[in-house]
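Notes follow the structure.
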Amino acid sequence: QDLLSEIGERVSRDQRVLVTVMTIKFAEEVAAYLNRMGVKAHHLHSEIDTIERTEIINALRLGHIDVIVGINL
């Protein structure tokens, strides 16, 4: 719930959010959960090819998505 409220606050200010988690599976699950909650989110990790990673980052920059869920490096 805290994450959703923080994301909502940032999105209302036209800002973007990076959420970090510990595993690839959890990144995918969190991104799916956020999408179910109405947040435009996508996961990003090493198993995604380079071209798609670039597209995801560009989508964030352009405002097509508001949140990227990535792995804590």
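For reference, positions follow the sequence shown, starting with 1.
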Fill in: D2 versus S5, closest heavy-atom pair with distance
O-OG, 2.9 Å

Worksheet item: How far apart are the closest heavy atoms of I24 and S46, and which atoms are they?
Response: CD1-OG, 4.1 Å

Item to complete: List the steps, then state whether side-chain contact (heavy atoms from CB on, under 4.5 Å) holds for V17 with V39.
Response: CA-CA 11 Å; V17 180; V39 175; over 6 Å; no

Worksheet item: Do I71 and T20 have side-chain heavy atoms sitting under 4.5 Å apart?
Response: no

Discussion item. Side chains of V19 and I68, heavy atoms from C-beta outward: is any pair under 4.5 Å?
Written reply: no

Worksheet item: Do any pairs count as a ring pair (Phe, Tyr, Trp, His ring centres under 6.0 Å) and have a residue in residues 52-73, sequence neighbours left out, and if so which ones?
Response: none

Worksheet item: So, do E29 and V21 sit near enough that their side-chain heavy atoms are less than 4.5 Å apart?
Response: no

Item to complete: Examine the side chains of E28 and H45 and answer whether a donor and an acceptor come within less than 3.5 Å of each other.
Response: yes

Discussion item. So Y33 and L4, do their side chains get closer than 4.5 Å, heavy atoms only?
Written reply: yes

Item to complete: Mind checking the CG-CD1 spacing from L34 to I65? Nearest 0.5 Å is all I need.
Response: 11.0 Å

Practice prompt. Kindly give the cluster partners of I51, where membership spreads through any ILVMFWY side chain lying under 4.5 Å from a current member.
Written response: none

Fill in: Under the ring-ring contact (aromatic ring centres under 6.0 Å, His included) test, residues paired with H42 that sit two or more places apart
none

Response to the item:
Closest non-hydrogen atoms of V67 and L60, given as atom of the first, atom of the second and distance, are N-CD1, 4.0 Å

Worksheet entry | Distance, nearest 0.5 Å, that separates CD1 of I7 from CD of E9 | 11.5 Å

Fill in: Shortest non-hydrogen contact between A31 and A41, atoms and distance
O-CB, 4.1 Å

Worksheet item: In terms of hydrophobic clustering (I, L, V, M, F, W, Y; side-chain heavy atoms under 4.5 Å; direct or indirect links), are M37 and F26 co-clustered?
Response: yes

Response to the item:
Heavy-atom closest pair (L18 atom, G70 atom, distance to 0.1 Å) is CD1-N, 4.5 Å

Worksheet item: Between D66 and V11, is there a donor-acceptor pair closer than 3.5 Å when you use the side chain of the first and the backbone of the second?
Response: no

Worksheet item: Do you know which two heavy atoms are closest between K40 and G63, and how far apart they sit?
Response: NZ-O, 3.3 Å

Fill in: CG-CZ distance between L62 and R16, expressed to the nearest 0.5 angstrom
8.5 Å

